[in-house]
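Keep in mind that what you see is a predicted model, and the values were worked out from it rather than measured.
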Amino acid sequence: FYANSPWGLVRNEEQPNLYIRDNDAFGNQAGNFGEHCACPSASPEPIYPGSDDLHFSNFSLDPRIVALPNPPKVAGDFHLLESSPCIGEGEGGLDLGAYPYEPPPPVLETTWSGLKALYR
């Protein structure tokens, strides 16, 4: 949950069996994690990872993705960068985020002997 307006993730307190785990919420306008009392006139109250209300596997760190959408351009590249704190932090060691980290392709040697080796 990154750069949303207003909140990243809000839980309704009337759902006590809803467990929120393994999320990174960062840079959201009003707050990253909140709890709402379902009252029409009330605003969500912030809750914090590691509290009684929110599991410690949630955190608020810059996810370090390749590129956010840049209006008017619609697409962004939501792959995680190698330095992302979301790598391996999901359930069972999976990456958090839309797309997992992908290492860059290997660099090919561009000398004449390196190029000849490709065609053998």
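The hydrophobic clustering, which links ILVMFWY residues whose side-chain heavy atoms are closer than 4.5 Å, places F26 and L81 apart. If you chain together hydrophobic residues whose side chains sit under 4.5 Å apart, L61 and L96 fall into the same group.
Every residue was checked against the ring-ring contact (aromatic ring centres under 6.0 Å, His included) condition with F1, not counting sequence neighbours, and none meets it. Applying the side-chain hydrogen bond (donor to acceptor under 3.5 Å, both in side chains) criterion to D95, with sequence neighbours excluded, gives no partner residue.
For the pair F59 and D24, the minimum side-chain heavy-atom distance is below 4.5 Å.
Of all heavy-atom pairs between S84 and P63, the closest is OG-O, 2.5 Å.
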